[in-house]
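Have a look at the structure below, then the notes.
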Amino acid sequence: MKAIFRNFIYVLKRFATSSLINFLGLTGAITVFLVCMIQVRYDYTYNHNIERGDDIVMAYLTETETGENSLLISTPLAQRIANSSAAVEKYTLIHHFTYPFKIDENLVEIELNKVKPDFLDLFQPEVLHGDARLGLEEGTHALITESEALRIFGKSNVVGEVIKPYFESNESVKESIYTIEAVVKDFPDNCSLNNGLYIYQEEFDYSEFSFVSCFLIKPEHVPSLQEAVNSKEFWGEEGEDYSKTTIHFISFTDYPQDAKFGNIRPRLISFFVVGVIVLLIAYINFINFSLTTAPSRIKSLNIHRVLGLSKRSQQWIMITESVLFTFFAFLLSLFLVSVLANSDLSVFFNASLVLPKNTSTLLACGLLLLLLSLAAGYYPAWYATSFKEIEALKGGSLNAVNSKKIREALLLFQLCIACTLPIVTGFIYLQYNYMLNYEWGLEKENIVYFKRIDEPFDTLINKLKENPAIIDYTSARFVPGNVQMGWGMDWRDKSISFKAWPVYPNFLTFFGIDIVEGENFPSAEDGTTRLIFNQKFVDTYASDKSPIGEEFPGFDSNLPICGIAENVNFESLHREIEPMAFVTLDFQNKGIIFLKIAKGAPLREVIAWIESVINDKVSGHVSVKFLEQKLDDLYAKENNEAKLITAFSIIILLITMMGVYGLVSFNVKYKEKEIALRKVNGATENQIVVMLNKGLLYIFGVAYIIAIPLSYGLSKKWIDQFAYRIEMHWWVFVLGGFLVLLITLLTVSIKSRHAALKNPIKSLKSE
């Protein structure tokens, strides 16, 4: 053991520069690797921490004409699915949204979840206080998760506390006062369930497609259930014809990684690939630097062998250099991860980076690093001890070129990755900027919104209009980018589905949405509910005949269709524009108030004034938000991924340049006499620099050629997850390659020019 540490100290002193570069490279790489693997484990185990998760499936509908998939179904359809097979043990519906509640005269926004009582059997939350089944009984009962209880009431046991919904716009809950009957332990962070308030989900008719369904069924029975729900007997019941819609099922544990619904798999793969690549590049650097220093050590190694130290012992001593470098780099990396976990940068990750929460992941990573360090140390150790004692003692330099091809092959891999990542990062940023600047089809500048307080709509609007900076107003049930109501109907002898957006009559005018056919809504409510479809609805379901003037089935009466609006992106650009209806439902269209502020008005002062007006009635705080920021936030995940990939790319590029520097140092060291002789014979400094680096430039050229199709495939795969996307611009490939080439040339020129300027007499006198 003493020999191992004595050798390690010797290496640190004898090869200080390469040791420092190795240590810094390994530390940076291991830090990135640990962070990536923590995120990968978080994503990979998403929804896997529910005890009966493998026995839960979610239903989704597919329209055969359009191929569109939707997780949202109606309450009667979910009941019918559950009754179609005896293998379905239990089922629940989940309807989640944020809702304001009044608690002791304070206004608090709570994550509200409406579910069926069987929710408790499917997901089995741990009950901390009270009676959970009573909490999900029909009526004014509720249960709450522990973190929400602590946030709202400041204590865990809140059984018996009461809360009141605070929206006038929803008559069904306006006068309700809910009593909390139970407190349950929080659901895990990495699952689809929300921590908040849970209440009973009431029944709706077939037209309301707004609910996620979960069925408890053994996996082996899912195929028979699939067959049952798509049979004629299933769809023919009650004379309803859904023959152009099929029902499918996806496992609760697979849902977030499925290409149809979730966005976790691309992120999971990206983090895994980046983590592995950065680690490989760092250990390639370690191998290269070890091979670079090997010729300087061969003579002393063989002297020790002559003195009785076996070759195997020498190899193990050299292998432990890699292990010790990795061990100390790993310790520093753990410290850096803990610092990151407590910094503002932690918001870029979905997973918690706190070390105690990731013990198993860190242990697994530590074991992998041990194996990699052993592997990385083996070849240099074998190479340095592979020469016969007599050859080594003669001091010959034949060994200086034996490992050249291996070093160049490893460098080729590094440069290929170094060229690929900037190109991929460039396309990610271009797509992100494209989304931010995309024309949604509606005005969004200088528009603010807030959730309406419990005050008559007209009274509140009249107060707000007193400020001359507020030039217009409207209202709706949903904010653009978050339309959650789905309708499924029988119309014109076929089943159809579309998004429905309850809006105030002047909504389309307020947002500058044009009517392409028919008429806009009347300027004021007259008690009649009307529909305006978007052009996508017409193209999908009514291309043969205009629906203007027809009546559409809905709620208690038929709804007149008065117009067709231009297409508007009311969801993120991940999805194509869907069929949609704007509908003037008087009891649902005043939940969110939108205000247009005059250009040039002092925004901060105006918003402060608005908040003073709307908060005058409550002790809590209703915040006013910018619509433009809300729409930009739809791509917060992509923004975070772009920044992380950029940071990781920079780290990988730096580590690669360390490898380039090492190769150039090797070339310079073992061509000192050749350089001196060339200078004595009249070679210029530039000719010396070219001579030293022309091989490296050849390697770069090959790496760049390989990187072009690789970066194209990766970039296109990432961009293809968006329905609206940028083109694959050729100049991104050129710019990315030029950037890496420039950094490479700067790196090699510094070392090469220093060697070219060295006095040739000193080089010729040495050895």
Side-chain angles (χ1 to χ4, degrees), residues 1-38 40-41 271-272 274-294 297 313-340 353 355 358-385 406-407 410-411 413-414 417 648 651-652 654-659 661-662:
M1 186 62 69
K2 288 183 179 180
I4 290 175
F5 282 101
R6 188 164 52 246
N7 173 74
F8 185 66
I9 299 299
Y10 164 78
V11 170
L12 293 179
K13 291 180 178 180
R14 176 69 174 81
F15 308 105
T17 301
S18 61
S19 296
L20 179 61
I21 292 175
N22 266 334
F23 181 72
L24 293 178
L26 284 173
T27 300
I30 292 174
T31 302
V32 171
F33 175 72
L34 294 180
V35 167
C36 287
M37 292 306 106
I38 289 173
V40 166
R41 183 181 183 278
F271 276 95
F272 180 79
V274 167
V276 171
I277 284 176
V278 70
L279 204 60
L280 287 177
I281 288 178
Y283 276 106
I284 287 173
N285 269 3
F286 183 89
I287 294 172
N288 273 333
F289 275 107
S290 297
L291 292 174
T292 299
T293 61
R297 305 177 63 182
S313 297
Q314 287 181 321
Q315 289 175 346
W316 272 112
I317 289 174
M318 292 189 69
I319 289 173
T320 56
E321 294 172 14
S322 174
V323 175
L324 289 173
F325 270 112
T326 298
F327 175 73
F328 290 115
F330 181 64
L331 291 181
L332 182 55
S333 297
L334 291 177
F335 171 74
L336 294 176
V337 172
S338 66
V339 171
L340 186 61
L353 300 180
L355 299 186
N358 298 285
T359 305
S360 59
T361 302
L362 296 174
L363 288 175
C365 290
L367 178 60
L368 177 61
L369 290 170
L370 174 62
L371 296 176
L372 275 176
S373 65
L374 291 172
Y378 175 76
Y379 180 74
W382 172 85
Y383 174 76
T385 59
I406 294 177
R407 291 196 310 275
L410 295 175
L411 185 62
F413 172 79
Q414 290 178 300
I417 299 301
F648 295 158
I651 293 173
I652 289 174
L654 288 174
I655 295 174
T656 300
M657 290 305 108
M658 291 177 185
Y661 181 86

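As the structure is a computational prediction, the values presented were derived from the model and not from experiment. Positions are given from 1 along the sequence.
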Reported [atom1]-to-[atom2] distance for the pair [X] and [Y], which is rounded to 0.5 angstrom:
{"X": "L369", "Y": "L26", "atom1": "CG", "atom2": "CG", "value": "9.0 Å"}
{"X": "L34", "Y": "F330", "atom1": "CG", "atom2": "CZ", "value": "5.5 Å"}
{"X": "L372", "Y": "F286", "atom1": "CG", "atom2": "CZ", "value": "12.0 Å"}
{"X": "F271", "Y": "M37", "atom1": "CZ", "atom2": "CE", "value": "9.5 Å"}
{"X": "L353", "Y": "N358", "atom1": "CG", "atom2": "CG", "value": "7.0 Å"}
{"X": "F23", "Y": "T326", "atom1": "CZ", "atom2": "OG1", "value": "10.5 Å"}

Worksheet item: Would you find a donor on one side and an acceptor on the other, under 3.5 Å apart, between the side chain of S322 and the backbone of L374?
Response: no
Worksheet entry | Set of side-chain contact (heavy atoms from CB on, under 4.5 Å) partners for F327, sequence neighbours left out | L331
Worksheet entry | Min side-chain heavy-atom separation L363-T359 under 4.5 Å | yes
Closest approach of [X] and [Y], non-hydrogen atoms and distance?
{"X": "A282", "Y": "I655", "result": "CA-CG2, 3.9 Å"}
{"X": "V274", "Y": "C36", "result": "CG1-SG, 4.2 Å"}
{"X": "G377", "Y": "I319", "result": "O-CG1, 3.6 Å"}
{"X": "F33", "Y": "V278", "result": "N-CG1, 4.3 Å"}

Item to complete: Begin with the C-alpha distance, continue with both residues' side-chain angles, and end with the deciding distance and a verdict on side chain to side chain contact (heavy atoms under 4.5 Å, CB included) for I277 and I281.
Response: CA-CA 6 Å; I277 284 176; I281 288 178; 3.8 Å; yes
Worksheet item: How about F272: does its CZ atom have over 12 heavy atoms from other parts shown lying under 6.0 Å from it?
Response: no
